[in-house]
*Asks:* 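Got a structure for you, written out below as structure tokens; questions coming shortly.
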Amino acid sequence: MPPNLPDVVLWSIPAFVLLTVLEMALHHFHPDEDAAGYEAKDAVTSISMGLGSLVFDLLWKVPIVAIYTAVYELTPLRVPVLWWTVLLMLLAQDFFYYWSHRGHHVIRILWACHVVHHSSRKFNLSTALRQPWTSLTVWPFYLPMIACGVHPAALAFCSSANLVYQFWVHTERIGKLPGPFEYVLNTPSHHRVHHASQGGYLDRNFGGILILWDRLFGSFTAETERPVFGLTKNIDTFNPLRVATHEYAAIARDVRAAGSWSERAGRIFRGPGWQPAATAARPAAPARERTG
């Protein structure tokens, strides 16, 4: 029998709306000249991407639930849903989220999904809603939890809690928090670094709830200079369909133009800025760059 756990995202929608409206009002009545702030077209695009992701996630959920259920039925292990096991499951999910997030920055076909979330040159609470429509690439990272006996519904609850937590870190209105919080948790300061396009900030601070994984695995960078948000090559469009698919189109162009099968594989599975040896005389583009 599946555990009876609440739909965290559904219950959080009123808070998302209220907090976003409040932040918009703050930017309007008490603007910060150094902050990226809001732009109507950009915010509408982010909200459209979020609504679209709800629809597409329902489609992807069918095969993913089927795979998770099959693995869960095959494993003899079972993790009961108790208050303390839920805390352990949240910790485990956050650990695997770190590796999923990191993988989606360093493997180009995965980056094609995640680049959507980085495509805005603004950084505000509406940016948190700019979610991809092709999240089918995420599920393999959590198979170890299912194989260890975590029920798929419990994993869905943990993933939703992680997603809801990350909403509030998408803001410039909160500075640095007291040291213990900054050391342990993902905060707005840490996540501003993650969304920045400067070279020293690229592909850093992948944590969802905890920043400890970044400190442990060498991907942490503290916020020093003010971030410049967006991609190293911005896409200059507010069309949700283009936002959702532009990197897949760039991959297809590069694969068609490739001169060998090894180059084709590299264009898909190497880093977003990878170049074959014959054309690597110029510096490789950083992973945040849209290569197309």
*Asks:* Would Ile109 and Thr137 count as a side chain to side chain contact (heavy atoms under 4.5 Å, CB included) if you check the C-alpha gap in whole Å, the side-chain angles of each, and the deciding distance to 0.1 Å?
*Replies:* CA-CA 9 Å; Ile109 192 64; Thr137 57; 5.8 Å; no
*Asks:* Has Arg270 got more than 12 heavy atoms of other residues, nucleotides or ligands less than 6.0 Å from its CZ?
*Replies:* no
*Asks:* Within the distance-only criterion (no hydrogens, no angle test), does the side chain of Ser46 pair as donor or acceptor with the backbone N or O of Arg130 below 3.5 angstrom?
*Replies:* no
*Asks:* For the residue pair Tyr38 / Glu23, report whether a side-chain donor-acceptor contact shorter than 3.5 Å exists.
*Replies:* yes
*Asks:* Under 3.5 Å, side chain of Gln131 to main-chain N/O of Gly50, donor-acceptor pair present?
*Replies:* no
*Asks:* Do His118 and Trp111 have side-chain heavy atoms sitting under 4.5 Å apart?
*Replies:* yes
*Asks:* How many angstroms lie between CD1 in Ile209 and CG in Asn186, if you round to the nearest 0.5 Å?
*Replies:* 9.0 Å
*Asks:* Could you measure the distance from the CD atom of Glu73 to the OH atom of Tyr68? Nearest 0.5 Å is fine.
*Replies:* 15.5 Å
*Asks:* Within 45° of the axis and under 6.0 Å from the centre of the six-membered ring of Trp261, does NZ or CZ of Arg264 qualify?
*Replies:* yes
*Asks:* I'd like to check Pro132 versus His114 (side-chain heavy atoms, cut-off strictly below 4.5 Å). Are they in contact?
*Replies:* no
*Asks:* Kindly work out whether a path of hydrophobic side-chain contacts (I/L/V/M/F/W/Y, heavy atoms less than 4.5 Å apart) joins Phe167 to Val21.
*Replies:* no
*Asks:* Would you please indicate if the ring centroids of Tyr98 and Phe217 are separated by under 6.0 Å?
*Replies:* yes
*Asks:* Ignoring hydrogens, what is the shortest heavy-atom contact between Glu223 and Ser189? Give both atom names and the distance.
*Replies:* OE1-OG, 2.7 Å
*Asks:* Is the count of non-hydrogen atoms from other residues, nucleotides or ligands lying under 6.0 Å from Tyr183 atom OH greater than 12?
*Replies:* no
*Asks:* What closest approach, in Å, do Pro227 and Phe229 show between heavy atoms, and which atom pair accounts for it?
*Replies:* CB-CE2, 3.6 Å
*Asks:* Tell me which donor-acceptor pairs under 3.5 Å the side chains of residues 55-64 have, and how far apart each pair is, sequence neighbours excluded?
*Replies:*
unit_1	atom_1	unit_2	atom_2	d
Asp57	OD1	Ser135	OG	2.7
Trp60	NE1	Trp133	O	2.8

*Asks:* Can Ser262 and Ser260 be counted as having a side-chain donor-acceptor contact under 3.5 angstrom?
*Replies:* yes
*Asks:* Go through the steps for Leu185 and Ile211 under the test side chain to side chain contact (heavy atoms under 4.5 Å, CB included), then give the verdict.
*Replies:* CA-CA 5 Å; Leu185 297 173; Ile211 204 67; 5.9 Å; no
*Asks:* State the CG-OG1 distance between Leu129 and Thr45, to the nearest 0.5 angstrom.
*Replies:* 12.0 Å
*Asks:* Looking at every heavy atom in both Pro3 and Ala154, which two are closest together, and how far apart are they?
*Replies:* CG-N, 4.1 Å
*Asks:* Hey, mind stepping through Tyr142 and Ser100 against side chain to side chain contact (heavy atoms under 4.5 Å, CB included) and telling me if it holds?
*Replies:* CA-CA 8 Å; Tyr142 299 103; Ser100 171; 4.3 Å; yes
*Asks:* Give a yes or no on whether Tyr97 and Leu91 share a hydrophobic cluster (residues Ile, Leu, Val, Met, Phe, Trp, Tyr; joining criterion: side-chain heavy atoms under 4.5 Å apart).
*Replies:* yes
*Asks:* To the closest 0.5 Å, what do you measure between CG (Asp203) and NE2 (His104)?
*Replies:* 13.5 Å
*Asks:* Can you confirm whether Trp99 is buried at CH2, in the sense that more than 12 heavy atoms of other residues, nucleotides or ligands lie under 6.0 Å from that atom?
*Replies:* yes
*Asks:* Using the rule that Ile, Leu, Val, Met, Phe, Trp and Tyr join whenever any side-chain heavy atoms are under 4.5 Å apart, tell me whether Leu216 and Phe96 fall into a single cluster.
*Replies:* yes
*Asks:* In Å, rounded to the nearest 0.5 Å, how long is the span from OG1 of Thr187 to CD1 of Ile174?
*Replies:* 9.0 Å
*Asks:* Can you tell me how far the CG atom of Leu22 sits from the CG atom of Leu26, to the nearest 0.5 Å?
*Replies:* 7.0 Å
*Asks:* List in chain and number order the residues that pass ring pair (Phe, Tyr, Trp, His ring centres under 6.0 Å) with His170, two or more places apart in sequence or in another chain; answer none if no residue qualifies.
*Replies:* His117, Phe123, His191, His195
*Asks:* I'd like to know if the side chain of Ser119 and the backbone of Val116 have a donor-acceptor N/O pair within less than 3.5 Å.
*Replies:* yes
*Asks:* Quick one: do Val184 and Leu90 end up in the same hydrophobic cluster if we chain Ile, Leu, Val, Met, Phe, Trp and Tyr together by side-chain heavy atoms under 4.5 Å apart?
*Replies:* yes
*Asks:* Just by modelled atom types, is the Asn205 backbone N or O under 3.5 Å from a matching donor or acceptor in the His190 side chain?
*Replies:* no
*Asks:* Check for a donor-acceptor pair, side chain of Thr127 on one end and backbone N or O of Asn124 on the other, with a separation under 3.5 Å.
*Replies:* yes
*Asks:* Set out, in order, the CA-CA distance, both residues' side-chain angles and the distance that settles side chain to side chain contact (heavy atoms under 4.5 Å, CB included) for Thr171 and Leu19, then state yes or no.
*Replies:* CA-CA 11 Å; Thr171 184; Leu19 291 171; over 6 Å; no
*Asks:* Please determine whether a side-chain nitrogen of the Lys or Arg among Asp32 and Arg226 lies less than 4.0 Å from a carboxylate oxygen of the Asp or Glu.
*Replies:* yes
*Asks:* State, yes or no, whether a side-chain contact exists between Met49 and Ser53 at a heavy-atom distance under 4.5 Å.
*Replies:* no
*Asks:* Regarding Arg242 and Asp236, does a basic nitrogen lie under 4.0 Å from an acidic carboxylate oxygen?
*Replies:* no
*Asks:* Taking Arg204 for the side chain and Gly218 for the main chain, is one N or O donor matched with an acceptor at less than 3.5 Å?
*Replies:* yes
*Asks:* Is it true that Trp168 and Ile13 fall in one hydrophobic cluster, defined by side-chain heavy atoms closer than 4.5 Å?
*Replies:* no
*Asks:* Taking the side chain as every heavy atom from C-beta outward, state whether Ile268 and Val255 have any atom pair closer than 4.5 Å.
*Replies:* yes
*Asks:* Do the side chain of Ser160 and the main chain of Val8 share a donor and acceptor less than 3.5 angstrom apart?
*Replies:* no
*Asks:* Closest approach of Ala43 and Met24, non-hydrogen atoms and distance?
*Replies:* CB-CE, 4.4 Å
*Asks:* Do the non-hydrogen side-chain atoms of Trp213 and Phe206 ever get within less than 4.5 Å of each other?
*Replies:* no
*Asks:* Has Thr221 got a side-chain atom pairing as donor or acceptor with Tyr201's backbone, closer than 3.5 angstrom?
*Replies:* no
*Asks:* Do Asn162 and Asp94 have side-chain heavy atoms sitting under 4.5 Å apart?
*Replies:* yes
*Asks:* Can you name the one residue among Arg253, Arg267, Arg108 that meets salt bridge (Lys or Arg N to Asp or Glu O under 4.0 Å) with Glu247?
*Replies:* Arg108
*Asks:* Taking all non-hydrogen atoms of both residues, which atom of Ala112 and which atom of Ile251 are closest, and how far apart?
*Replies:* CB-CD1, 4.0 Å
*Asks:* State whether a side-chain donor-acceptor pair under 3.5 Å links Thr134 with Tyr248.
*Replies:* yes
*Asks:* To check you understand the geometry: which heavy-atom pair defines the closest contact between Glu182 and Gly175, and what is its length?
*Replies:* OE2-O, 4.4 Å
*Asks:* If we only count heavy atoms from C-beta on, is the Val164 to Trp11 side-chain gap below 4.5 Å?
*Replies:* no
*Asks:* Could you tell me if the side chain of Ile146 sits less than 4.5 Å from the side chain of Leu155, heavy atoms only?
*Replies:* yes
*Asks:* Looking at Val228, is its backbone amide N or carbonyl O close enough to the side chain of Gln198 to form a donor-acceptor pair, meaning the two atoms are under 3.5 Å apart?
*Replies:* yes
*Asks:* Strictly distance-based, threshold 3.5 Å: is any side-chain N or O of Arg78 a donor or acceptor partner for the main-chain N or O of Tyr72?
*Replies:* yes
